Undergrad: 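Okay, here's the structure, questions in a sec.
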Amino acid sequence: MRAGSDDYRDSGLVFPEGFTFGSATASYQVEGAAQEDGRLPSIWDTFSMTPGRVWNGDTGDVACDHYHRWESDLDLMKDLGLDAYRFSIAWPRIVPAGTGAVNQAGIDFYSRLVDGLLERGIRPVATLYHWDLPQPLEDAGGWPVRATADAFERYAEIMGAALGDRIHTWTTLNEPWCSAYLGYGQGGHAPGRAEPAAALAAVHHLNLAHGRAVQALRATSTGDPEYSVTLNFHVARGRGPQAAEAVRRVEALANRAFTGPMLRGEYPADLLEDTASVTDWSFVQDGDLEAIHQPIDVLGVNYYSTVTAQLWDGVSPRQMNDGHKAVAGGTAWPGSDGVLEFLEQPGPYTAMGWNIAPEGLEELLLSLREQFPDQALMVTENGAAFDDEVADDGSVPDPERLDYLRRHFTAAHRAMQQGVDLRGYFVWSLLDNFEWGYGYAKRFGIVRVDFDTLERTVKQSGEWYARLAKTGTIPE
Ligand code: IFM
């Protein structure tokens, strides 16, 4: 079957004209060329080279070699009929030491990439930070210190001036929840620190970095880009006698810790109360909330599965053992009384062990519309890892991923029928890639990458998605 072939029946579910169909990647996960053209190490280079941190000792040194193969990757996106490509810029290619000298070779790479997208009629959606903090900034304290937000503002200014004439959508941060809580609270992500107070300071400095970056990008971009941020919202269900309280706590720490300051200009009072024994939030300085509270054109929503939490009183914190599911405790979820335990959920599951719950996406989009009625939304990530097998004829049938995507697009469509202003949808991911702590063991791509030869093969789900992108109608 060819990309976008006619071998599907239409469901009759049509997205409106102008709806954006895209796919997403991130710099450290796909680029490779980690030591080339002036790039210096990020926290993920350091982390992945630390024995025991990443499955199989995998690193992003080569990844998908997108840094060298970007032109043929863009051709592939064009064949798939994508309207937009969501990529991230590696800060350590642009300001390799985090502060100080700017590396023109890094800027040139992204400039060529953006021109290549525009030549092919694909809109560039650029994220400034998808977790690859320059290592020297971590050595100076990382996101728990304010100077990191200062350095990010300067990096945003540089990128606005360099690409702000051509970028369609600027996204400041990808999933600051992961950066703060997994990087500094639980330690399963780089830089691997487990310090609850530092995690909350990181939350604030990431928020500050977002607001300052929106202002810097606006001041320097000469085109007419849109501005956004991408959050990985937790859709929580509660269990046990304190079910509602468990949900409230999860939502405060995971969702409202970001939407509060970014979209309302304040930290929620219950979040400050929940975390009072961990920090007094004195790192929030006068003027910070005004700086963070910037109008954005579109709110990026990443959704994969739901979480189920139970609150236990009077037990000692247990360590969280997985970023998106399983057991979470005091370090990843800094709070005062009691411990949040994340429970096994009913299946079916993806290869990540995440439960498949398309209704959670519909619920999330409806809830965001209720909370922020005037805010346009964009699904900036949704997709699934499965253990794909290559068939004898070289094709990659991946019916489970196809089904996952079909059901989630259908859920998003249902939300739109109920009035949600959803502007587009980016499938995670274009390519199989470096899945952080799981290395190359988990494949999310709609395009298979053979990590020995780096050859790309469009999977069955990719062909299905091409059909959707080209017709605007969900294929059966
Ligand atoms: O691969 C990640 C991506 O970098 C951020 N969002 C979740 C994806 C799947 O784990």
Side-chain angles (χ1 to χ4, degrees), residues 22-32 42-45 47-48 54-55 58-60 63-64 66 85-91 125-133 171-183 186 188-190 206 228-235 254-255 258 299-307 320-326 332 349-357 360-361 364 378-388 401 404-405 408 425-447 449 451 461:
S23 189
T25 66
S27 45
Y28 191 69
Q29 295 184 270
V30 299
E31 284 179 2
S42 75
I43 53 174
W44 268 98
D45 297 78
F47 191 74
S48 60
V54 173
W55 181 84
D58 289 348
T59 73
C64 307
H66 179 66
Y85 174 43
R86 175 176 179 253
F87 61 96
S88 80
I89 296 170
W91 187 355
V125 175
T127 301
L128 286 183
Y129 187 70
H130 198 126
W131 309 352
D132 37 7
L133 184 71
T171 303
T172 53
L173 307 173
N174 178 73
E175 301 183 347
W177 181 88
C178 295
S179 305
Y181 296 115
L182 300 184
Q186 176 243 2
H189 275 198
L206 283 153
S228 72
V229 63
T230 280
L231 303 176
N232 57 318
F233 290 96
H234 283 53
V235 178
N255 303 344
F258 302 100
L299 174 63
V301 177
N302 288 2
Y303 174 83
Y304 291 88
S305 65
T306 57
V307 294
M320 183 171 177
N321 63 14
D322 185 296
H324 289 262
K325 74 173 230 343
Y349 307 102
T350 69
M352 298 294 283
W354 300 346
N355 64 311
I356 301 175
L361 176 60
L364 171 60
M378 181 87 98
V379 173
T380 38
E381 281 183 32
N382 174 249
F386 286 106
D387 298 326
D388 305 321
R401 183 177 295 101
Y404 177 100
L405 290 173
H408 283 78
Y425 203 120
F426 290 76
V427 169
W428 185 271
S429 177
L430 178 73
L431 303 170
D432 291 338
N433 59 44
F434 177 82
E435 177 52 29
W436 308 112
Y438 297 91
Y440 298 99
K442 304 291 178 197
R443 293 175 176 273
F444 274 89
I446 53 172
V447 174
V449 176
F451 289 108
S461 60

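Not measured: the values here are computed from a predicted model. We count ligands from 1, going down the list as the structure has it; atoms in each ligand are counted the same way.
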Undergrad: Which of the atoms of ligand 1 are close to E435, meaning less than 4.0 Å from one of its heavy atoms?
TA: 1 (O), 2 (C), 9 (C), 10 (O)

Undergrad: Could you pull out all residues at least two apart from D432 that satisfy salt bridge (Lys or Arg N to Asp or Glu O under 4.0 Å)?
TA: R443, K459

Undergrad: Once you measure the plane-to-plane angle for H189 and W44, does it fall in the parallel (<30°), tilted (30-60°) or perpendicular (>60°) bin?
TA: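 H189 vs W44 ring planes: perpendicular.
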
Undergrad: H130: heavy atom below 4.0 Å from ligand 1, yes or no?
TA: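 Checking ligand 1 against H130, which is what was asked, there is a heavy-atom contact under 4.0 Å.
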
Undergrad: Check whether any heavy atom of W354 sits under 4.0 Å from an atom of ligand 1.
TA: yes

Undergrad: Less than 3.5 Å between some nitrogen or oxygen of E381 and one of ligand 1, yes or no?
TA: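 Among all N and O atoms of E381, at least one is under 3.5 Å from an N or O of ligand 1.
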
Undergrad: I'd like to check the side chain to side chain donor-acceptor pair (under 3.5 Å) partners of D132; sequence neighbours left out, ordered by chain and number.
TA: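 For D132, the residues satisfying side chain to side chain donor-acceptor pair (under 3.5 Å) (neighbours in sequence not counted) are S27.
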
Undergrad: Check ligand 1 against W131 and write out every atom of the ligand that is under 4.0 Å from a heavy-atom position of the residue.
TA: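 The atoms of ligand 1 under 4.0 Å from a heavy atom of W131 are 5 (C).
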
Undergrad: I'd like to check whether W436 has a polar contact with ligand 1, where a contact means an N/O of the residue lying under 3.5 Å from an N/O of the ligand.
TA: yes

Undergrad: Classify the ring geometry between F434 and Y440 as parallel (under 30°), tilted (30 to 60°) or perpendicular (over 60°).
TA: perpendicular

Undergrad: Find all atoms of ligand 1 within a distance of less than 4.0 Å from any non-hydrogen atom belonging to Q29, and give their numbers and elements.
TA: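 By the 4.0 Å cutoff, the relevant atoms are 1 (O), 3 (C), 4 (O).
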
Undergrad: What residue among Y304, Y425, Y303 forms side chain to side chain donor-acceptor pair (under 3.5 Å) with E381?
TA: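 So the option named by the test is Y304.
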
